[in-house]
Protein chains: 2
Amino acid sequence: MRPKNLEKEQAIRTMALDIIANEGMENLTMQKLAKAANVSPRTIYIKYDDKEDLLIKLFIYEVLAPYEAAVLDGFTEDMDFSIGTKKLWMNTFTYLKNNRSHFALLQHSKTSPLLHKAYQQENIVQGQYFAPIHRFLTAKAKAGIIKDLPFDIQRALLMSPLIDLVSEYFDHTTRPVQIITEDVIMQCCEIVMSGLLTNK
Amino acid sequence: MRPKNLEKEQAIRTMALDIIANEGMENLTMQKLAKAANVSPRTIYIKYDDKEDLLIKLFIYEVLAPYEAAVLDGFTEDMDFSIGTKKLWMNTFTYLKNNRSHFALLQHSKTSPLLHKAYQQENIVQGQYFAPIHRFLTAKAKAGIIKDLPFDIQRALLMSPLIDLVSEYFDHTTRPVQIITEDVIMQCCEIVMSGLLTNK
DNA sequence: CAATTATAAGTAAATGTTTATTTATTTATA
DNA sequence: TATAAATAAATAAACATTTACTTATAATTG
(Lines give C-alpha, C1' and ligand atoms only; values in the text may rest on other atoms or scores of the structure.)
Protein backbone atom coordinates (compact mmCIF):
# COMPACT_ATOMS: atom_id res chain seq x y z
CA MET A 1 0.00 0.00 0.00
CA ARG A 2 1.17 3.46 -0.87
CA PRO A 3 2.32 5.38 2.23
CA LYS A 4 1.18 8.88 3.23
CA ASN A 5 3.32 11.73 2.16
CA LEU A 6 3.81 13.59 5.43
CA GLU A 7 5.33 16.57 3.65
CA LYS A 8 2.06 17.07 1.81
CA GLU A 9 0.11 16.96 5.05
CA GLN A 10 2.41 19.57 6.52
CA ALA A 11 2.23 21.71 3.37
CA ILE A 12 -1.57 21.77 3.61
CA ARG A 13 -1.46 22.93 7.21
CA THR A 14 1.28 25.48 6.70
CA MET A 15 -0.27 27.00 3.59
CA ALA A 16 -3.70 27.15 5.23
CA LEU A 17 -2.24 29.15 8.10
CA ASP A 18 -0.35 31.38 5.66
CA ILE A 19 -3.44 32.13 3.60
CA ILE A 20 -5.49 32.90 6.71
CA ALA A 21 -2.76 35.17 8.09
CA ASN A 22 -2.31 37.06 4.83
CA GLU A 23 -5.79 37.11 3.33
CA GLY A 24 -8.12 36.32 6.23
CA MET A 25 -10.26 33.29 6.95
CA GLU A 26 -12.97 34.43 4.53
CA ASN A 27 -10.49 34.11 1.68
CA LEU A 28 -9.35 30.58 2.35
CA THR A 29 -10.86 28.30 -0.28
CA MET A 30 -10.16 24.62 -0.74
CA GLN A 31 -8.99 25.05 -4.32
CA LYS A 32 -6.73 27.99 -3.44
CA LEU A 33 -5.28 25.95 -0.59
CA ALA A 34 -4.76 22.90 -2.82
CA LYS A 35 -2.90 25.00 -5.38
CA ALA A 36 -0.77 26.70 -2.70
CA ALA A 37 0.13 23.35 -1.11
CA ASN A 38 0.80 21.81 -4.54
CA VAL A 39 -1.80 19.13 -4.01
CA SER A 40 -5.08 18.03 -5.52
CA PRO A 41 -8.24 19.28 -3.75
CA ARG A 42 -9.19 15.64 -3.21
CA THR A 43 -6.02 15.09 -1.16
CA ILE A 44 -7.24 17.57 1.44
CA TYR A 45 -10.43 15.51 1.75
CA ILE A 46 -8.40 12.35 2.40
CA LYS A 47 -6.98 14.01 5.48
CA TYR A 48 -10.00 16.05 6.60
CA ASP A 49 -13.75 15.38 6.45
CA ASP A 50 -14.58 18.84 5.17
CA LYS A 51 -13.52 22.47 5.42
CA GLU A 52 -14.95 22.85 8.91
CA ASP A 53 -13.03 19.80 10.12
CA LEU A 54 -9.84 21.19 8.57
CA LEU A 55 -10.24 24.57 10.26
CA ILE A 56 -11.03 23.10 13.65
CA LYS A 57 -8.16 20.58 13.57
CA LEU A 58 -5.80 23.26 12.28
CA PHE A 59 -6.78 25.52 15.14
CA ILE A 60 -6.74 22.95 17.92
CA TYR A 61 -3.78 20.74 17.02
CA GLU A 62 -1.59 22.98 14.90
CA VAL A 63 -2.00 26.21 16.82
CA LEU A 64 -3.73 26.06 20.21
CA ALA A 65 -1.94 23.05 21.66
CA PRO A 66 1.63 24.12 20.76
CA TYR A 67 0.83 27.70 21.79
CA GLU A 68 -0.44 26.69 25.21
CA ALA A 69 2.46 24.28 25.68
CA ALA A 70 4.93 27.03 24.77
CA VAL A 71 3.31 29.51 27.16
CA LEU A 72 3.59 27.03 30.04
CA ASP A 73 7.10 25.87 29.18
CA GLY A 74 9.25 26.11 32.30
CA PHE A 75 6.41 27.67 34.28
CA THR A 76 5.32 26.14 37.59
CA GLU A 77 2.49 27.16 39.87
CA ASP A 78 4.71 27.57 42.90
CA MET A 79 6.84 30.26 41.28
CA ASP A 80 7.05 33.70 42.81
CA PHE A 81 4.30 35.98 41.38
CA SER A 82 6.73 38.27 39.58
CA ILE A 83 8.97 35.48 38.27
CA GLY A 84 6.02 33.37 37.14
CA THR A 85 4.20 36.19 35.42
CA LYS A 86 7.35 37.34 33.61
CA LYS A 87 7.90 33.77 32.48
CA LEU A 88 4.38 33.61 31.02
CA TRP A 89 4.83 36.97 29.30
CA MET A 90 8.20 36.09 27.82
CA ASN A 91 7.05 32.64 26.67
CA THR A 92 3.97 34.14 25.03
CA PHE A 93 5.85 36.97 23.34
CA THR A 94 8.60 34.72 22.01
CA TYR A 95 6.21 32.10 20.66
CA LEU A 96 3.82 34.53 18.96
CA LYS A 97 6.63 36.68 17.56
CA ASN A 98 8.06 33.60 15.85
CA ASN A 99 4.69 32.25 14.72
CA ARG A 100 2.81 35.08 13.09
CA SER A 101 0.33 32.81 11.34
CA HIS A 102 -0.49 31.08 14.62
CA PHE A 103 -1.12 34.45 16.22
CA ALA A 104 -3.41 35.36 13.33
CA LEU A 105 -5.51 32.22 13.78
CA LEU A 106 -5.68 32.75 17.54
CA GLN A 107 -7.04 36.23 16.87
CA HIS A 108 -9.55 34.81 14.40
CA SER A 109 -10.72 32.35 17.05
CA LYS A 110 -12.12 35.30 18.99
CA THR A 111 -14.43 36.38 16.16
CA SER A 112 -15.16 33.21 14.20
CA PRO A 113 -18.20 31.41 15.65
CA LEU A 114 -16.79 28.12 14.33
CA LEU A 115 -13.45 28.43 16.08
CA HIS A 116 -14.96 29.96 19.17
CA LYS A 117 -17.23 26.95 19.53
CA ALA A 118 -14.29 24.60 18.95
CA TYR A 119 -12.30 26.43 21.61
CA GLN A 120 -15.01 26.17 24.23
CA GLN A 121 -15.54 22.46 23.53
CA GLU A 122 -11.79 21.83 23.65
CA ASN A 123 -11.52 23.60 26.99
CA ILE A 124 -14.08 21.25 28.48
CA VAL A 125 -12.62 18.10 26.93
CA GLN A 126 -9.01 18.82 27.80
CA GLY A 127 -9.86 20.03 31.30
CA GLN A 128 -8.30 23.47 30.85
CA TYR A 129 -4.79 23.72 29.56
CA PHE A 130 -4.60 26.90 31.57
CA ALA A 131 -5.46 25.33 34.92
CA PRO A 132 -1.89 25.91 36.19
CA ILE A 133 -2.27 29.64 35.60
CA HIS A 134 -5.63 29.57 37.32
CA ARG A 135 -4.17 27.87 40.37
CA PHE A 136 -1.09 30.12 40.29
CA LEU A 137 -3.19 33.28 40.45
CA THR A 138 -5.67 31.88 42.96
CA ALA A 139 -2.82 30.97 45.30
CA LYS A 140 -1.25 34.44 45.04
CA ALA A 141 -4.63 36.06 45.74
CA LYS A 142 -5.21 33.77 48.74
CA ALA A 143 -1.75 34.65 50.07
CA GLY A 144 -2.68 38.33 49.84
CA ILE A 145 0.02 39.10 47.27
CA ILE A 146 -2.38 40.22 44.55
CA LYS A 147 -5.93 41.54 44.59
CA ASP A 148 -8.64 38.94 45.03
CA LEU A 149 -10.69 39.02 41.83
CA PRO A 150 -12.40 36.38 39.67
CA PHE A 151 -9.88 34.50 37.51
CA ASP A 152 -11.27 35.77 34.19
CA ILE A 153 -10.77 39.33 35.38
CA GLN A 154 -7.26 38.71 36.65
CA ARG A 155 -6.39 37.10 33.32
CA ALA A 156 -7.82 40.08 31.39
CA LEU A 157 -5.82 42.55 33.47
CA LEU A 158 -2.61 40.55 33.35
CA MET A 159 -2.49 39.10 29.84
CA SER A 160 -4.61 41.15 27.42
CA PRO A 161 -2.16 44.07 27.13
CA LEU A 162 0.46 41.54 26.02
CA ILE A 163 -1.74 40.33 23.15
CA ASP A 164 -2.27 43.94 22.10
CA LEU A 165 1.48 44.54 22.22
CA VAL A 166 2.08 41.53 19.98
CA SER A 167 -0.37 43.07 17.47
CA GLU A 168 1.65 46.27 17.69
CA TYR A 169 4.81 44.24 17.17
CA PHE A 170 3.51 42.88 13.87
CA ASP A 171 2.14 46.28 12.79
CA HIS A 172 5.62 47.66 13.36
CA THR A 173 7.30 45.07 11.18
CA THR A 174 6.08 47.13 8.21
CA ARG A 175 7.47 50.37 9.65
CA PRO A 176 11.04 51.70 9.90
CA VAL A 177 11.50 51.12 13.65
CA GLN A 178 10.39 48.33 15.93
CA ILE A 179 9.29 49.84 19.24
CA ILE A 180 8.13 46.52 20.73
CA THR A 181 11.31 44.89 22.00
CA GLU A 182 11.88 42.31 24.73
CA ASP A 183 12.92 45.11 27.08
CA VAL A 184 9.71 47.01 26.43
CA ILE A 185 7.68 43.84 26.96
CA MET A 186 9.36 43.21 30.32
CA GLN A 187 8.82 46.84 31.33
CA CYS A 188 5.11 46.52 30.45
CA CYS A 189 4.89 43.29 32.39
CA GLU A 190 6.21 45.08 35.48
CA ILE A 191 3.63 47.85 35.02
CA VAL A 192 0.75 45.42 34.63
CA MET A 193 1.84 43.38 37.65
CA SER A 194 2.26 46.42 39.86
CA GLY A 195 -1.38 47.36 39.34
CA LEU A 196 -2.50 43.99 40.60
CA LEU A 197 -0.30 43.88 43.73
CA THR A 198 -1.91 44.56 47.10
CA ASN A 199 1.09 46.14 48.88
CA LYS A 200 1.54 49.61 47.54
CA MET B 1 -39.42 60.38 -8.72
CA ARG B 2 -39.89 57.68 -6.15
CA PRO B 3 -38.22 58.59 -2.84
CA LYS B 4 -35.82 56.34 -0.95
CA ASN B 5 -37.26 54.19 1.76
CA LEU B 6 -34.98 55.06 4.66
CA GLU B 7 -36.35 52.21 6.73
CA LYS B 8 -35.06 49.75 4.14
CA GLU B 9 -31.63 51.34 4.22
CA GLN B 10 -31.59 51.02 7.99
CA ALA B 11 -32.85 47.44 7.84
CA ILE B 12 -29.99 46.48 5.52
CA ARG B 13 -27.40 47.96 7.87
CA THR B 14 -28.96 46.56 11.04
CA MET B 15 -29.41 43.07 9.66
CA ALA B 16 -25.88 43.04 8.23
CA LEU B 17 -24.49 43.81 11.67
CA ASP B 18 -26.75 41.19 13.25
CA ILE B 19 -25.67 38.47 10.84
CA ILE B 20 -22.00 39.31 11.33
CA ALA B 21 -22.40 39.33 15.13
CA ASN B 22 -24.27 36.01 15.21
CA GLU B 23 -22.75 34.07 12.34
CA GLY B 24 -19.47 35.83 11.58
CA MET B 25 -18.36 37.85 8.59
CA GLU B 26 -17.68 34.74 6.50
CA ASN B 27 -21.37 33.85 6.69
CA LEU B 28 -22.76 37.16 5.48
CA THR B 29 -24.04 36.68 1.94
CA MET B 30 -25.88 39.23 -0.12
CA GLN B 31 -28.89 36.96 -0.62
CA LYS B 32 -29.09 36.07 3.06
CA LEU B 33 -28.85 39.75 3.93
CA ALA B 34 -31.54 40.68 1.39
CA LYS B 35 -33.89 38.08 2.82
CA ALA B 36 -33.21 39.15 6.42
CA ALA B 37 -33.77 42.82 5.58
CA ASN B 38 -36.90 41.97 3.56
CA VAL B 39 -35.49 43.49 0.43
CA SER B 40 -34.46 42.40 -3.03
CA PRO B 41 -30.73 41.72 -3.55
CA ARG B 42 -30.76 44.44 -6.20
CA THR B 43 -31.84 47.01 -3.61
CA ILE B 44 -28.59 46.52 -1.72
CA TYR B 45 -26.75 47.30 -4.95
CA ILE B 46 -28.67 50.53 -5.35
CA LYS B 47 -27.20 51.70 -2.07
CA TYR B 48 -23.76 50.11 -2.24
CA ASP B 49 -21.39 49.45 -5.15
CA ASP B 50 -20.65 45.90 -4.06
CA LYS B 51 -20.17 43.74 -0.98
CA GLU B 52 -16.80 45.28 -0.18
CA ASP B 53 -18.26 48.78 -0.33
CA LEU B 54 -21.11 47.69 1.96
CA LEU B 55 -18.76 46.23 4.55
CA ILE B 56 -16.43 49.22 4.56
CA LYS B 57 -19.26 51.78 4.81
CA LEU B 58 -20.97 49.70 7.48
CA PHE B 59 -17.79 49.61 9.48
CA ILE B 60 -16.75 53.25 9.09
CA TYR B 61 -20.07 55.10 9.24
CA GLU B 62 -22.34 52.77 11.17
CA VAL B 63 -19.87 51.53 13.74
CA LEU B 64 -16.52 53.28 13.98
CA ALA B 65 -17.70 56.89 13.87
CA PRO B 66 -20.49 56.54 16.49
CA TYR B 67 -18.22 54.38 18.66
CA GLU B 68 -15.40 56.89 18.67
CA ALA B 69 -17.82 59.76 19.24
CA ALA B 70 -19.37 57.89 22.18
CA VAL B 71 -15.97 57.14 23.72
CA LEU B 72 -15.01 60.82 23.59
CA ASP B 73 -18.38 62.13 24.76
CA GLY B 74 -17.82 64.52 27.66
CA PHE B 75 -14.08 63.84 27.64
CA THR B 76 -11.60 66.71 27.43
CA GLU B 77 -7.82 66.60 27.21
CA ASP B 78 -7.34 68.86 30.22
CA MET B 79 -9.13 66.49 32.60
CA ASP B 80 -7.31 65.02 35.55
CA PHE B 81 -5.64 61.68 34.59
CA SER B 82 -7.88 59.60 36.81
CA ILE B 83 -11.11 61.42 35.95
CA GLY B 84 -10.35 61.41 32.22
CA THR B 85 -9.38 57.75 32.08
CA LYS B 86 -12.44 56.68 34.04
CA LYS B 87 -14.59 58.72 31.68
CA LEU B 88 -13.07 56.91 28.66
CA TRP B 89 -13.56 53.51 30.32
CA MET B 90 -17.14 54.19 31.32
CA ASN B 91 -18.05 55.63 27.90
CA THR B 92 -16.51 52.64 26.14
CA PHE B 93 -18.13 50.07 28.40
CA THR B 94 -21.58 51.65 28.19
CA TYR B 95 -21.50 52.00 24.43
CA LEU B 96 -20.22 48.50 23.67
CA LYS B 97 -22.50 46.85 26.23
CA ASN B 98 -25.49 48.42 24.49
CA ASN B 99 -24.23 47.72 20.98
CA ARG B 100 -23.15 44.10 20.84
CA SER B 101 -23.17 43.95 17.04
CA HIS B 102 -20.96 47.04 16.84
CA PHE B 103 -18.53 45.43 19.24
CA ALA B 104 -18.51 42.30 17.08
CA LEU B 105 -17.63 44.27 13.94
CA LEU B 106 -14.93 46.22 15.78
CA GLN B 107 -13.39 42.88 16.80
CA HIS B 108 -13.62 41.66 13.21
CA SER B 109 -11.80 44.78 12.05
CA LYS B 110 -8.71 43.48 13.83
CA THR B 111 -8.58 40.26 11.79
CA SER B 112 -10.25 41.11 8.49
CA PRO B 113 -7.68 42.44 6.00
CA LEU B 114 -10.46 44.38 4.28
CA LEU B 115 -11.62 46.23 7.38
CA HIS B 116 -8.10 46.65 8.70
CA LYS B 117 -7.15 48.42 5.49
CA ALA B 118 -10.28 50.58 5.69
CA TYR B 119 -9.45 51.49 9.26
CA GLN B 120 -5.92 52.58 8.46
CA GLN B 121 -7.06 54.67 5.51
CA GLU B 122 -9.83 56.25 7.58
CA ASN B 123 -7.36 57.16 10.31
CA ILE B 124 -5.30 59.07 7.79
CA VAL B 125 -8.24 60.78 6.11
CA GLN B 126 -10.01 61.83 9.30
CA GLY B 127 -6.79 62.91 11.00
CA GLN B 128 -7.15 60.58 13.97
CA TYR B 129 -10.34 60.55 15.93
CA PHE B 130 -8.25 59.56 18.88
CA ALA B 131 -5.93 62.56 18.77
CA PRO B 132 -7.48 63.95 22.00
CA ILE B 133 -6.52 60.77 23.86
CA HIS B 134 -3.04 60.94 22.38
CA ARG B 135 -2.60 64.54 23.57
CA PHE B 136 -4.18 63.72 26.95
CA LEU B 137 -1.68 60.93 27.66
CA THR B 138 1.29 62.82 26.25
CA ALA B 139 0.52 65.78 28.53
CA LYS B 140 0.24 63.53 31.61
CA ALA B 141 3.53 61.85 30.76
CA LYS B 142 5.23 65.20 30.25
CA ALA B 143 3.88 66.41 33.60
CA GLY B 144 5.45 63.32 35.22
CA ILE B 145 2.09 61.92 36.34
CA ILE B 146 2.36 58.71 34.32
CA LYS B 147 5.28 56.79 32.86
CA ASP B 148 6.74 58.18 29.66
CA LEU B 149 6.14 55.53 27.00
CA PRO B 150 5.20 55.59 23.31
CA PHE B 151 1.50 56.29 22.83
CA ASP B 152 0.70 52.90 21.29
CA ILE B 153 2.12 51.21 24.37
CA GLN B 154 0.28 53.46 26.79
CA ARG B 155 -2.93 52.77 24.91
CA ALA B 156 -2.33 49.01 25.01
CA LEU B 157 -1.71 49.08 28.76
CA LEU B 158 -4.63 51.37 29.52
CA MET B 159 -7.39 50.25 27.17
CA SER B 160 -6.88 46.64 26.03
CA PRO B 161 -7.99 45.04 29.32
CA LEU B 162 -11.27 46.91 28.94
CA ILE B 163 -11.92 45.37 25.53
CA ASP B 164 -11.20 41.94 26.98
CA LEU B 165 -13.61 42.64 29.85
CA VAL B 166 -16.32 43.59 27.37
CA SER B 167 -15.78 40.20 25.66
CA GLU B 168 -16.16 38.60 29.08
CA TYR B 169 -19.32 40.63 29.64
CA PHE B 170 -20.91 39.18 26.50
CA ASP B 171 -19.68 35.65 27.29
CA HIS B 172 -21.38 35.99 30.65
CA THR B 173 -24.74 36.98 29.16
CA THR B 174 -25.20 33.28 28.36
CA ARG B 175 -24.32 32.21 31.93
CA PRO B 176 -26.31 32.41 35.19
CA VAL B 177 -24.38 35.32 36.74
CA GLN B 178 -22.90 38.46 35.27
CA ILE B 179 -19.56 39.15 36.93
CA ILE B 180 -18.71 42.15 34.74
CA THR B 181 -20.61 45.04 36.33
CA GLU B 182 -19.98 48.79 36.25
CA ASP B 183 -18.41 48.53 39.69
CA VAL B 184 -16.00 45.83 38.54
CA ILE B 185 -15.12 47.88 35.47
CA MET B 186 -14.32 50.92 37.61
CA GLN B 187 -12.26 48.79 39.98
CA CYS B 188 -10.30 47.40 37.02
CA CYS B 189 -9.81 50.92 35.67
CA GLU B 190 -8.23 51.93 38.99
CA ILE B 191 -5.91 48.90 38.87
CA VAL B 192 -4.81 49.60 35.31
CA MET B 193 -4.23 53.29 36.05
CA SER B 194 -2.22 52.58 39.18
CA GLY B 195 0.28 50.53 37.19
CA LEU B 196 0.96 53.48 34.89
CA LEU B 197 1.37 56.13 37.59
CA THR B 198 4.88 57.31 38.47
CA ASN B 199 4.34 58.08 42.19
CA LYS B 200 4.02 54.82 44.05
C1' DC C 1 -56.10 71.37 -9.11
C1' DA C 2 -56.59 66.84 -11.14
C1' DA C 3 -54.18 64.11 -14.73
C1' DT C 4 -49.93 62.96 -16.78
C1' DT C 5 -45.18 62.03 -17.05
C1' DA C 6 -40.39 61.43 -16.00
C1' DT C 7 -37.41 59.17 -13.01
C1' DA C 8 -35.18 56.97 -9.42
C1' DA C 9 -36.47 53.12 -6.18
C1' DG C 10 -37.57 48.75 -5.96
C1' DT C 11 -38.44 43.79 -7.37
C1' DA C 12 -38.29 38.78 -9.19
C1' DA C 13 -35.82 36.04 -11.64
C1' DA C 14 -31.75 35.06 -14.21
C1' DT C 15 -26.66 34.87 -15.10
C1' DG C 16 -22.12 33.56 -14.89
C1' DT C 17 -18.66 32.54 -11.57
C1' DT C 18 -16.70 30.57 -7.60
C1' DT C 19 -16.92 27.22 -4.34
C1' DA C 20 -17.06 22.77 -1.62
C1' DT C 21 -17.14 18.25 -2.58
C1' DT C 22 -17.17 13.84 -5.51
C1' DT C 23 -16.20 10.61 -9.38
C1' DA C 24 -13.31 7.94 -11.97
C1' DT C 25 -8.75 6.85 -12.54
C1' DT C 26 -3.73 6.40 -11.77
C1' DT C 27 0.35 5.65 -8.73
C1' DA C 28 3.51 4.05 -5.28
C1' DT C 29 4.94 0.65 -2.21
C1' DA C 30 4.27 -2.92 1.70
C1' DT D 1 -0.58 -7.71 -6.40
C1' DA D 2 -3.57 -5.62 -3.11
C1' DT D 3 -4.51 -1.28 -1.22
C1' DA D 4 -4.50 3.20 0.39
C1' DA D 5 -2.70 7.68 -1.44
C1' DA D 6 -3.00 10.84 -4.81
C1' DT D 7 -4.66 13.14 -8.96
C1' DA D 8 -7.34 15.56 -12.86
C1' DA D 9 -11.55 16.61 -14.04
C1' DA D 10 -16.39 16.85 -13.09
C1' DT D 11 -20.56 18.16 -10.41
C1' DA D 12 -23.85 20.47 -7.94
C1' DA D 13 -24.77 24.10 -4.84
C1' DA D 14 -24.04 28.72 -3.32
C1' DC D 15 -22.74 33.04 -4.41
C1' DA D 16 -22.16 38.06 -6.10
C1' DT D 17 -24.00 40.66 -9.37
C1' DT D 18 -27.17 41.90 -13.46
C1' DT D 19 -31.24 42.05 -16.53
C1' DA D 20 -35.64 43.27 -17.53
C1' DC D 21 -39.35 44.87 -15.55
C1' DT D 22 -42.75 47.33 -12.07
C1' DT D 23 -43.91 50.97 -8.72
C1' DA D 24 -44.26 55.18 -6.18
C1' DT D 25 -44.07 59.93 -6.14
C1' DA D 26 -42.33 64.77 -7.26
C1' DA D 27 -42.63 67.80 -10.90
C1' DT D 28 -45.07 69.29 -14.94
C1' DT D 29 -48.84 70.02 -17.73
C1' DG D 30 -53.52 70.89 -19.37
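Per chain, numbering begins at 1; letters A, B, ... match sequence-line order. Worth knowing before you read on, the calculation uses all heavy atoms, side chains too, and leaves out hydrogens, waters and symmetry mates.
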Name the orientation class of the two ring planes belonging to B:Phe136 and B:Phe75 (parallel below 30°, tilted from 30 to 60°, perpendicular beyond 60°). perpendicular
Atom pairs, N/O to N/O, protein against nucleotides 5-8 of chain D, distance under 3.5 Å?
from  : atom 1 : to      : atom 2 : distance (Å)
D:dA5 : N3     : A:Arg2  : NH1    : 3.3
D:dA6 : OP1    : A:Asn5  : N      : 2.7
D:dA6 : OP2    : A:Lys47 : NZ     : 3.0
D:dT7 : OP1    : A:Lys8  : NZ     : 2.9
D:dT7 : OP2    : A:Ser40 : N      : 3.1
D:dT7 : OP2    : A:Thr43 : OG1    : 2.4
D:dA8 : N7     : A:Ser40 : OG     : 3.4

Parallel, tilted or perpendicular: which one describes the rings of B:Tyr169 and B:Phe93, with boundaries at 30° and 60°? perpendicular
Any side-chain to backbone donor/acceptor pair from A:Lys86 onto A:Cys189? Under 3.5 Å, distance only. no
From CD of A:Gln31 across to P of D:dA14 the rounded distance in Å is 16 Å
For the side chain of B:Lys51 and the backbone of B:Leu28, is there at least one donor-acceptor N/O pair under 3.5 Å apart? yes
Can you check the B:Ile44 CD1 to D:dC15 C1' distance for me, whole Å? 13 Å
Are any of the side-chain nitrogens in A:Lys4 or A:Glu9 under 4.0 Å away from the carboxylate oxygens of its partner? yes
Pairing of A:Asp164 and B:Arg155 as salt bridge, 4.0 angstrom limit: yes
Donor-acceptor pair, distance only, cut-off 3.5 Å: does the side chain of A:Trp89 make one with the backbone of A:Leu158? yes
note: B:Leu55, atom CG; D:dT17, atom P; distance rounded to Å ~ 10 Å
A:Tyr95 ring center near A:His102 ring center (under 6.0 Å): yes
Taking 5' to 3' order, which nucleotide of DNA chain C is first and which is last to have an atom within less than 4.0 Å of a heavy atom in chain A? C:dT19 to C:dA30
Could you state the CG-C1' distance from B:Leu33 to D:dT17, rounded to the nearest angstrom? 14 Å
